[in-house]
Amino acid sequence: MPESRVARPRRFLVCEPRFFAVRYAINPWMRPDRPVDVSLARRQWLSLVDAYRRHGHTVETVEPLPALPDMVFAANAAVVVDGRVFGSRFHAPERRPESVPYAAWFKAHGFDVQHPESVCEGEGDLVPAGRWILAGTGFRTTPEAHREAQEFFGVPVIGLTLVDPYFYHLDTALFVLDEENVAYYPEAFSPGSREVLERLYPDAVLATREDAMAFGLNSVSDGRHVFISPGATALADRLAGRGYVPVPVDLSEFHKAGGGIKCCTQEIRS
């Protein structure tokens, strides 16, 4: 019998895709010549918010700004651990202004914000995983930012090198299932990083490239329910076999910008 899983209520911060567009190309998914259906994107985003709330989670919003089409990808704005906020310093000049409204939101809600000195793209590459933080590098966030985060949080930070440009952020190649386990796509990582993951998570749920390319690893888990792309069918079956409950949410319009469920979701860990 699959193991019984327990959900834990979460607090999420999201941003409405009112001004979502693909105006530039900073990853292989982005093609400015391919139109975005903003109405469809908004309906899909609302379905994600509704799914979170139906499963008992708190969802708060930050106001979008018209000059920032990628502001909908809230995960990249910061990482929050024990109520401490480590902000962002984006690699792409086009996204750097996003740090300001997100930092203002956190400050308005009683949080102090630490601004990184090195390139750091929030939960895109810094993934809290129980006793440590898994930290991606290779395309965006730098190893120097990993060291900054460790000094700030006082939590061990484990660096992982990404090697496939389609998985430019760690949260496109791996997500945390619960305090003890993760799901990931091995080929997104360097050989040494794969060995590290095998040592840390011998019982991890492994994804195929097909599921990874369907944004199946850009998922959010509350410990029981996994909010996942409906295109990642094999991964959903594997998760169900381990006792998790897949909750399919279609965010396919956001795939045009290289984002999905987790990209749109900042978790506030107090």
Side-chain angles (χ1 to χ4, degrees), residues 12-55 57 59 61 64 68-77 92 94-95 98 121 123-124 139 164-175 183-185 187-188 205 207-222 225-240 244-267:
F12 296 133
L13 177 64
V14 299
C15 181
E16 180 193 346
R18 193 182 310 161
F19 306 109
F20 175 55
V22 179
R23 299 178 187 166
Y24 43 79
I26 57 174
N27 66 57
W29 302 94
M30 301 181 83
R31 288 176 44 191
D33 60 338
R34 185 168 55 171
V36 167
D37 186 334
V38 178
S39 295
L40 174 59
R42 186 174 185 276
R43 291 195 300 273
Q44 291 181 344
W45 178 84
L46 286 170
S47 73
L48 176 63
V49 172
D50 179 65
Y52 285 151
R53 287 175 172 158
R54 282 189 290 105
H55 287 84
H57 305 302
V59 181
T61 59
L68 301 176
D70 279 342
M71 196 174 162
V72 64
F73 299 125
N76 304 150
E94 296 90 340
R95 296 199 65 187
E98 293 176 36
E121 300 205 349
E123 284 189 329
F139 297 103
D164 186 327
Y166 280 96
F167 309 106
Y168 57 93
H169 274 154
L170 182 59
D171 73 355
T172 64
L174 174 150
F175 73 96
Y184 69 97
Y185 170 52
E187 283 69 26
V205 178
T208 64
R209 184 174 184 82
E210 182 180 15
D211 282 336
M213 292 292 284
F215 288 81
L217 292 163
N218 196 238
S219 296
V220 170
S221 172
D222 64 14
H225 308 101
V226 178
F227 303 88
I228 188 171
S229 167
T233 54
L235 179 57
D237 288 345
R238 290 185 184 185
L239 293 169
Y244 299 97
V245 180
V247 180
V249 182
D250 181 11
L251 258 59
S252 54
E253 199 64 13
F254 296 95
H255 297 178
K256 295 176 180 179
I261 292 169
K262 176 55 193 169
C263 289
C264 291
T265 309
Q266 168 73 231
E267 183 174 348

Next on the checklist: Counting C-beta onward and ignoring hydrogens, is there a side-chain heavy-atom pair between Phe175 and Ser221 closer than 4.5 Å?
Outcome noted: yes
Checklist entry - Under the ring-ring contact (aromatic ring centres under 6.0 Å, His included) test, which residues partner Phe19, sequence neighbours left out? => result none
Checklist entry - Taking it one step at a time, do Asp70 and Tyr24 satisfy side chain to side chain donor-acceptor pair (under 3.5 Å)? => result CA-CA 10 Å; Asp70 279 342; Tyr24 43 79; 2.9 Å; yes
Next on the checklist: Taking the side chain as everything from C-beta on, heavy atoms only, tell me whether Val226 gets closer than 4.5 Å to Val247.
Outcome noted: no
Item to check | Salt bridge Asp164-Arg209, side-chain N to carboxylate O under 4.0 Å | outcome: yes
Checklist entry - Considering all heavy atoms of both residues, which atom of Phe167 and which atom of Ala173 are nearest to each other, and what is their separation? => result CB-CB, 4.1 Å
Checklist entry - Side chain of Asp211, backbone of Gly216: donor and acceptor closer than 3.5 Å? => result no
Item to check | Atom pair OH/CG of Tyr184 and Leu174 - distance to nearest 0.5 Å | outcome: 8.5 Å
Next on the checklist: Show the nearest heavy-atom pair for residues Ala257 and Val22, with the distance to one decimal.
Outcome noted: CB-CG2, 4.1 Å
Next on the checklist: For His57 and Phe12: C-alpha separation, side-chain torsions, deciding distance, then whether ring-ring contact (aromatic ring centres under 6.0 Å, His included) applies.
Outcome noted: CA-CA 7 Å; His57 305 302; Phe12 296 133; 5.6 Å; yes
Checklist entry - Is there a donor-acceptor pair under 3.5 Å between the side chain of Ser229 and the backbone N or O of Ala214? => result yes
Checklist entry - Got a second to check how far Arg23's CZ is from Glu94's CD, nearest 0.5 Å? => result 11.5 Å
Checklist outcome for this item: Of all heavy-atom pairs linking Cys263 and Asn218, the shortest is N-OD1, 3.1 Å
Checklist entry - Given side chains that start at C-beta, do those of Ile261 and Phe215 come closer than 4.5 Å, heavy atoms only? => result no
Next on the checklist: Working to the nearest 0.5 angstrom, can you tell me the gap between Ser219 OG and His225 NE2?
Outcome noted: 14.5 Å
Item to check | Distance in Å, Leu68 CG paired with Arg18 CZ, rounded so as to fall on 0.5 Å steps | outcome: 12.5 Å
Item to check | Heavy atoms from other residues, nucleotides or ligands near CD of Glu210 exceed 12 (cutoff 6.0 Å) | outcome: no
Item to check | Donor-acceptor pair, side chain of Glu121 and main chain of Ala77, under 3.5 angstrom | outcome: no
Checklist entry - Is there side-chain contact between Leu235 and Ile228, with heavy atoms separated by less than 4.5 Å? => result yes
Item to check | Considering all heavy atoms, the nearest Arg238-Ala207 contact | outcome: NH1-N, 4.2 Å
Next on the checklist: Between Tyr166 and Met213, is there a side-chain heavy-atom distance shorter than 4.5 Å?
Outcome noted: yes
Item to check | N/O donor-acceptor pair under 3.5 Å between Glu16 side chain and Thr61 backbone | outcome: no
Next on the checklist: Quick one, Tyr52 with Thr265, criterion side chain to side chain donor-acceptor pair (under 3.5 Å). Give me CA distance, side-chain angles, the key distance, then yes/no.
Outcome noted: CA-CA 10 Å; Tyr52 285 151; Thr265 309; 2.8 Å; yes
Item to check | salt bridge (charged side-chain N to carboxylate O under 4.0 Å, His left out) involving Glu123 - partner list, sequence neighbours excluded | outcome: Lys262, Arg269
Next on the checklist: side-chain contact (heavy atoms from CB on, under 4.5 Å), that's the test. Do Asn76 and Glu98 meet it? Break it down for me.
Outcome noted: CA-CA 9 Å; Asn76 304 150; Glu98 293 176 36; 5.5 Å; no
Item to check | Set of side chain to side chain contact (heavy atoms under 4.5 Å, CB included) partners for Cys264, sequence neighbours left out | outcome: Leu48, Val72, Phe73, Leu251, Phe254
Checklist entry - Is a donor on one side and an acceptor on the other found under 3.5 Å between the side chain of Glu253 and the backbone of Leu40? => result no
Item to check | Distance in Å, Asp250 CG paired with Arg43 CZ, rounded so as to fall on 0.5 Å steps | outcome: 11.0 Å
Checklist entry - SG/Cys15 to CH2/Trp45 distance, rounded to the nearest 0.5 angstrom? => result 7.5 Å
Next on the checklist: Please find the pair of heavy atoms, one from Pro17 and one from Arg42, that lie closest to each other, and give the distance.
Outcome noted: CG-CA, 3.8 Å
Checklist outcome for this item: Minimal heavy-atom distance between His255 and Trp29, with the atoms involved, is O-CB, 3.6 Å
